[in-house]
*Asks:* 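Submitted below is the structure of interest, expressed as structure tokens.
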There are 2 protein chains.
Amino acid sequence: MAKAATTAADEQVCCTPLLAAPLSDDDADELARGFHALADPARLRLLSLIAAQPEGEVCACDLVEPLGKSQPTVSHHLKVLYEAGLVDREKRGTWVWYRVVPERVAALRTALAEQ
Amino acid sequence: MAKAATTAADEQVCCTPLLAAPLSDDDADELARGFHALADPARLRLLSLIAAQPEGEVCACDLVEPLGKSQPTVSHHLKVLYEAGLVDREKRGTWVWYRVVPERVAALRTALAEQ
DNA sequence: CCAATATATTGACATATGTCGATGTCTATG
DNA sequence: CATAGACATCGACATATGTCAATATATTGG
């Protein structure tokens, strides 16, 4: 399984450096969606926690306590990250495992490239 | 003059790649502030428009029409970008000239580095 | 000093967002 | 099938945000 997020992961708007040429409205919208997912401390810490796992993946159940937020709040933020294409998820039995989608992170990084 | 933004430009939280190690609460807060400034299409287009100027700088008066928003709205977004340390400004007579702060953009870019 | 222009600020409004408790849904296991 | 556990969703709430019209604050020219 482990399907990538269908929402925004596809329309990557990769390789559109902000500083190179004026953004189109569509590119600006899509990029803003990506950065919006990164614009919250809880989500940044989640992303960081997921990436910190030696296996590269982590059970959602192991994210609630380190984040220090309620389970519904963690679930909400994970959903935002997923819909932004920044993380992928896979259900195994009762648990859901999350991993970072490095390509998506890199795409946003590219948008901030020198020019 | 052309002083850099006093707000966030200093506490750069540069060189703190998200994916390398779990973020501290403070780093997450500061990073989120930076990405928040990028999390709006109008601000991304502004940043892009400013960067697109051959001289590297542009009068605020020349940003209203291309952005297609009201003057107060443009002024508001420029303030957000300024307070995030992403642009610098200099008043010359009646006009205010804006330019991108590439170091700040690069700092946010570094936060998204591979690991 | 007055009029004109550029920019910032204020006030108002609708909408979006982060958060939590309560509840629903699914899955494994007696 | 009943129970327990993991996760998602719902409802509610306070707060934040994008937007504009109106107004205030410079600054330049006459």
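Residue numbering restarts at 1 for every chain, and letters A, B, ... go by the order of the sequence lines.
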*Asks:* Can a side chain N or O of T73(B) be found less than 4.0 Å away from OP1 or OP2 on dC20(D)?
*Replies:*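 True: T73(B) side-chain N/O within range (under 4.0 Å) of dC20(D) OP1/OP2.
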
*Asks:* Measure the distance from NZ on K79(A) to P on dA8(D) and round it to the nearest whole Å.
*Replies:*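 Taking atom P of dA8(D) as the reference, NZ of K79(A) is at 9 Å.
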
*Asks:* Could you tell me the separation between the NE2 atom of H36(B) and the P atom of dG18(C), rounded to a whole number of Å?
*Replies:*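 Rounded to whole Å, this separation is 10 Å.
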
*Asks:* Between atom CG of L31(B) and atom CG of L112(B), what is the distance when rounded to the nearest 0.5 Å?
*Replies:*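 Going from the CG atom of L31(B) to the CG atom of L112(B) covers 8.0 Å.
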
*Asks:* Starting from C1' on dT17(D), measure out to CG on D40(B) and report it in whole angstrom.
*Replies:*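 Those two atoms, CG and C1', are 9 Å apart.
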
*Asks:* Using the closest heavy atom to pick a nucleotide of DNA chain C for each, name whichever of T94(A) or H76(A) lands nearer the 5' end.
*Replies:*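 Final value for this comparison: H76(A).
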
*Asks:* Kindly say whether, by distance alone, the side chain of Q71(B) makes a donor-acceptor pair under 3.5 Å with the base of dA6(C)?
*Replies:*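 Flag unset: no donor-acceptor pair detected.
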
*Asks:* Specify the separation, in whole Å, of atom CG of D62(A) and atom C1' of dG5(D).
*Replies:*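 My rounded result for the distance is 14 Å.
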
*Asks:* Using whole Å, what does the distance between atom P of nucleotide dA6(D) and atom CH2 of W95(A) come to?
*Replies:*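 The answer, rounded to whole Å, is 7 Å.
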
*Asks:* OP1 or OP2 of dG18(D) versus the side-chain N and O atoms of R43(B): is any pair under 4.0 Å?
*Replies:*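 Yes.
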
*Asks:* Check every atom of dT7(C), dT19(C), dA6(D) against the side chain of C61(A) and return the nucleotide holding the closest atom.
*Replies:*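 The answer is dA6(D), which lies nearest to the side chain.
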
*Asks:* For the pair R92(B) and E57(B), find out whether any cationic side-chain nitrogen is under 4.0 Å from an anionic carboxylate oxygen.
*Replies:*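 Salt bridge flag = yes for E57(B) with R92(B).
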
*Asks:* Name the nucleic acid region contacted by H77(B), choosing base, sugar-phosphate or nothing; use a 4.0 angstrom heavy-atom cut-off, strictly under.
*Replies:*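 It contacts sugar-phosphate atoms only.
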
*Asks:* Tell me which of P72(B) and A39(B) sits closer to the 5' end of DNA chain D, going by the nucleotide each one is nearest to.
*Replies:*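 The residue closer to the strand's 5' end, by nearest nucleotide, is A39(B).
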
*Asks:* Using only atom types and a distance under 3.5 Å, with no angle test, would you say the side chain of R43(A) pairs donor to acceptor with the backbone of H36(A)?
*Replies:*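 At least one qualifying donor-acceptor pair exists.
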
*Asks:* Examine dA26(D): is either OP1 or OP2 under 4.0 Å from a nitrogen or oxygen in the side chain of R92(B)? Give yes or no.
*Replies:*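 For dA26(D), neither OP1 nor OP2 has a side-chain N or O of R92(B) closer than 4.0 Å.
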
*Asks:* Rounded to the nearest Å, what distance is computed from the CD atom of residue E90(A) to the P atom of nucleotide dC7(D)?
*Replies:*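 From E90(A) CD to dC7(D) P: 13 Å.
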
*Asks:* Do any N or O atoms from the side chain of S48(B) and from the backbone of L19(A) form a donor-acceptor pair under 3.5 angstrom?
*Replies:*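 It does not hold such a pair.
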
*Asks:* With nearest nucleotides of DNA chain C determined for V74(A) and G93(A) from heavy-atom distances, which residue corresponds to the more 5′ nucleotide?
*Replies:*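 Per heavy-atom nearest nucleotide, the more 5' residue is V74(A).
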
*Asks:* Determine: side-chain N/O of K91(A) to OP1/OP2 of dA8(D), distance under 4.0 Å, yes or no.
*Replies:*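 For dA8(D), neither OP1 nor OP2 has a side-chain N or O of K91(A) closer than 4.0 Å.
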
*Asks:* Does the R45(B) side chain pair with the main chain of P66(B), one donor and one acceptor, at a distance under 3.5 Å?
*Replies:*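 At least one qualifying donor-acceptor pair exists.
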
*Asks:* Please give, in whole Å, the distance from dG18(C) P to R45(A) CZ?
*Replies:*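 Nearest whole value for this atom pair: 15 Å.
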
*Asks:* What is the separation between atom CG on L78(B) and atom C1' on dG18(D), rounded to the nearest whole Å?
*Replies:*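 Rounded to whole Å, this separation is 14 Å.
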
